[in-house]
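All chains are named by letter (A, B, ...) in the order of the sequence lines, taking the proteins before the strands, and each is independently numbered beginning at 1. Every value quoted in this text rests on a predicted model; they were computed, and no experiment measured them.
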2 protein chains.
Amino acid sequence: MRSGKSMKAEAVEAEALLPAPNAGSGRANSSRIVGTSVHASVANEIGQRIVRGDYPPGAILPNEAKWAETFEVSRSAVREAIKMLMAKSLLSSRPKVGSWVEPRERWNLLDRDVLTWYATSPNRETFLKSVQEFRHIIEPEATALAALRRTDEQMAEISAACREMGAATSLPQRTQADTRFHLAILRASGNELLVPLGTLIESALAHLFVFVTREADDLRHAQGLHEAIEKAIRLHRPEAARNAVRKLLANTDEVIARV
Amino acid sequence: MRSGKSMKAEAVEAEALLPAPNAGSGRANSSRIVGTSVHASVANEIGQRIVRGDYPPGAILPNEAKWAETFEVSRSAVREAIKMLMAKSLLSSRPKVGSWVEPRERWNLLDRDVLTWYATSPNRETFLKSVQEFRHIIEPEATALAALRRTDEQMAEISAACREMGAATSLPQRTQADTRFHLAILRASGNELLVPLGTLIESALAHLFVFVTREADDLRHAQGLHEAIEKAIRLHRPEAARNAVRKLLANTDEVIARV
DNA sequence: TCATATGATTTGTAGGACAATTGTTGACTC
DNA sequence: GAGTCAACAATTGTCCTACAAATCATATGA
C-alpha cells in the first residue's frame with residue numbers, strides 16, 4: 001500500500017513479521033511485536049532465516065527492495081536491519097552484486113542474538129551439546145581463578161546467590177539465582193573475557209532448559225554441589241573448586257542425557 | 001557543504017574520519033579510507049571512541065544530527081553506523097532520550113571489531129594479559145579434544161600448517177602459518193564454539209604481537225614446541241597434547257614478559 | 001500536591017533521488 | 001575466432017526531506 005512504484009496487479013504476498021496477523025483488513029504493518037522497532041524485527045527475521053539455513057553460506061539474498069516489499073517496510077528500515085546483520089558478520093554486500101551469506105566460520109556465533117537464533121534452529125541438539133562441552137572447558141578453570149582472586153565483595157555476591165538458590169520456591173526464581181551464581185563466579189575470576197562468555201552460556205542454556213523439569217530430589221543434590229563450589233571459593237581452594245565444578249557439570253550432563 | 005539547513009556563520013569544525021586530511025580546499029568527505037563505506041568508517045570511529053572511554057557507560061552520546069554534522073555525512077549514514085554498534089550492544093537508544101553507552105558487561109567483547117578497538121585502546125596491556133590467560137584456559141583442552149577427534153583431513157591441514165611454519169622465511173609469513181596452525185586445531189576439536197573464539201584470539205594477538213621481534217634461537221625453540229603439539233595430535237595422545245600446549249603457552253608468556 | 005495536558009526534542013520510518021560500483025553483454029578489432 | 005574495450009544495467013551506497021512516535025520536561029489546573 002505504501003510502495004508507490006511497483007503496485008501492479010500481481011499478488012503482493014507480504015509476509016507478516018510475526019505469526020499473529022491482525023484479523024481486520026486495516027494497516028498491514030501492525031503485526032509486529034509491540035515495543036520493538038521495525039528494523040529490529042526485520043533484522044531478527046532475516047537473521048533467523050539465515051541461521052536456520054534458508055539461505056546457505058554463499059547464497060545471494062533477495063535485494064533490499066525485495067525485502068522492503070515482502071515485509072512492507074521502507075528500504076531504510078531494511079538497510080538498517082542488514083547493517084545489524086553485517087555487524088554480526090552474517091552477511092556482506094557489494095553494489096551490483098547484492099548481499100550474500102558469509103561462510104559459517106565468519107559468523108559471530110558468540111553473539112546473543114545469533115546464539116538465540118541458533119538455539120531455536122532445527123539443529124539445536126548438537127548446539128546444546130557444544131555449549132555443554134564448552135562449559136566443561138571454561139567453568140572449572142574460571143572457578144579456580146575465582147578461588148584465587150575473588151574479593152570479599154565478590155564472595156558476598158556469590159554466597160548470596162547460592163543462598164537465594166536454596167531458598168527459591170519457583171523454578172524460574174531458582175534459574176535466575178543459578179544464573180546469578182555462575183555469572184558472579186566468572187566476574188570474580190578477574191578475566192574480563194570470561195564474563196561475556198558466561199552471559200552467552202547462560203542465555204543459551206536458558207533457551208534450552210525450559211524443557212528440563214527437575215525433581216525435588218535432584219534439586220537438593222544440585223544445591224549441595226553448588227554449595228561445595230561456594231565453599232571452595234570462599235576458602236581459596238582452587239583445586240577443590242575445579243573439582244566441585246566438574247561434579248556439577250557431570251550432574252548436568254546426566255540430567256541432559258535423561259531427556 | 002551538503003548540509004543545507006544549518007550553514008550558519010559558526011565554524012563547522014568537522015572532524016576528519018581519518019587523520020589524513022586532504023590539503024586542497026575541495027570536498028571534505030574525501031578523507032576517509034578508500035574502499036570502505038561511509039557508514040563503516042563512522043561506525044569504526046564512534047565505536048573506537050566508546051571503547052577508548054571517551055563516552056563512559058551510561059553517558060548520552062551526541063545525537064544523530066550532531067554526528068552527521070561533525071563527520072559531514074548524512075543522518076542516514078550515521079544511523080546505519082549506530083545500528084551496527086547497537087548490534088554489538090555498545091549502545092542503545094530511545095526517542096527523545098538519545099543514544100547512550102551500554103554498561104561494559106553488555107558489550108559484545110567477543111567481536112572482531114570490538115576486540116580490535118580494544119586492542120588499540122590505552123589499556124591494552126591489561127587486555128593482552130586477559131587474552132593470554134584466556135588462551136591458557138581454552139587451548140590445552142581444545143587441543144586435547146582435537147587429539148581425540150581429529151579426522152585425517154584435519155590432521156593433514158594441521159601438519160601442513162606446522163611444516164609451513166618451519167619453512168617460513170619472513171615474519172608475517174610465519175605468523176600467518178602460526179594462525180593457520182592454531183585454527184586448524186580448533187576446527188579439529190569438533191566444537192563449533194571454539195572456532196570463532198580462536199579466530200578472535202588470533203586476531204587480537206596479531207594486533208598485539210607486531211611489537212614482538214623474536215630472535216632466531218627463540219624461533220627454533222618455538223618451532224620445536226609446535227611440532228610436539230602436532231605429534232601428540234597425530235598420535236591421538238590428548239594428555240601429551242595438553243602438556244605440549246601448556247609448554248608453548250609458557251614460552252609465549254616468557255616472550256611477553258620480556259617486552 | 002497531584003494529576004493532566006501540552007510542548008519540545010530525539011529517534012524511528014518512509015520515500016525519492018542520484019552516485020558509485022561492478023557484472024554482463026555486445027560490438028569492434030586483430 | 002579470440003580477445004579487448006565500451007556501453008549498459010542492476011544493486012548497494014549516500015543524501016535529503018518530511019513526518020510519526022515516543023517520552024522527558026514544563027506548565028497548568030483541580
Given dT12(D), is OP1 or OP2 found less than 4.0 Å from the side-chain N or O atoms of Arg79(A)?
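For Arg79(A), the contact criterion (side-chain N or O under 4.0 Å from OP1 or OP2 of dT12(D)) is not met.
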Look at the side-chain N and O atoms of Arg94(B) and state whether any lies under 4.0 Å from the OP1 or OP2 oxygen of dC24(D).
yes
Spacing of [X] atom [atom1] relative to [N] atom [atom2], expressed in whole Å:
X	N	atom1	atom2	value
Trp100(B)	dT10(C)	CH2	P	14 Å
Ile60(A)	dA10(D)	CD1	P	16 Å
Leu61(B)	dT11(C)	CG	C1'	13 Å
Asn63(B)	dA8(C)	CG	C1'	13 Å
Glu64(A)	dG15(C)	CD	P	15 Å
Glu80(A)	dG13(D)	CD	C1'	14 Å
Glu69(A)	dT13(C)	CD	C1'	18 Å

Do [X] and [Y] have side-chain N/O donor and acceptor atoms under 3.5 Å apart?
X	Y	value
Glu80(B)	Ser76(B)	no
Glu102(A)	Ser89(A)	no
Glu192(A)	Tyr118(B)	yes

Specify the residue among Pro95(A) and Ser76(A) whose closest nucleotide of DNA chain D lies further upstream toward the 5′ end.
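Looking at the nearest nucleotide for each, Pro95(A) comes out on the 5' side.
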Glu133(B): which residues meet the salt bridge (Lys or Arg N to Asp or Glu O under 4.0 Å) condition with it, sequence neighbours left out?
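For Glu133(B), the residues satisfying salt bridge (Lys or Arg N to Asp or Glu O under 4.0 Å) (neighbours in sequence not counted) are Arg149(A).
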Report all side-chain donor-acceptor pairs from residues 155-162 of chain B shorter than 3.5 Å, counting only partners two or more places apart or in another chain.
unit_1, atom_1, unit_2, atom_2, d
Glu157(B), OE1, Arg180(B), NH2, 3.3
Glu157(B), OE2, Arg180(B), NE, 2.9
Ser159(B), OG, Met155(B), O, 3.0
Ser159(B), OG, Glu230(B), OE2, 2.6

Please determine, for the side chain of Ser74(A), which listed nucleotide (dT14(D), dT11(C), dG15(C)) has the closest atom?
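Given the options dT14(D), dT11(C), dG15(C), the side chain of Ser74(A) is closest to dG15(C).
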Given dT12(D), dT10(C), dT13(C), which nucleotide is nearest the side-chain atoms of Lys96(B)?
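Given the options dT12(D), dT10(C), dT13(C), the side chain of Lys96(B) is closest to dT10(C).
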Across the strands shown, which category fits Lys83(A) at heavy-atom distances under 4.0 angstrom: base, sugar-phosphate, nothing?
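Answer is sugar-phosphate: Lys83(A) comes under 4.0 Å of backbone atoms only.
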Looking across every strand, which nucleic acid part, if any, lies under 4.0 Å from Ser93(A) by heavy atom: base, sugar-phosphate, or nothing?
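Touches sugar-phosphate only.
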Any donor-acceptor pair under 3.5 Å joining the side chain of Arg75(A) to the base of dG13(D)?
yes
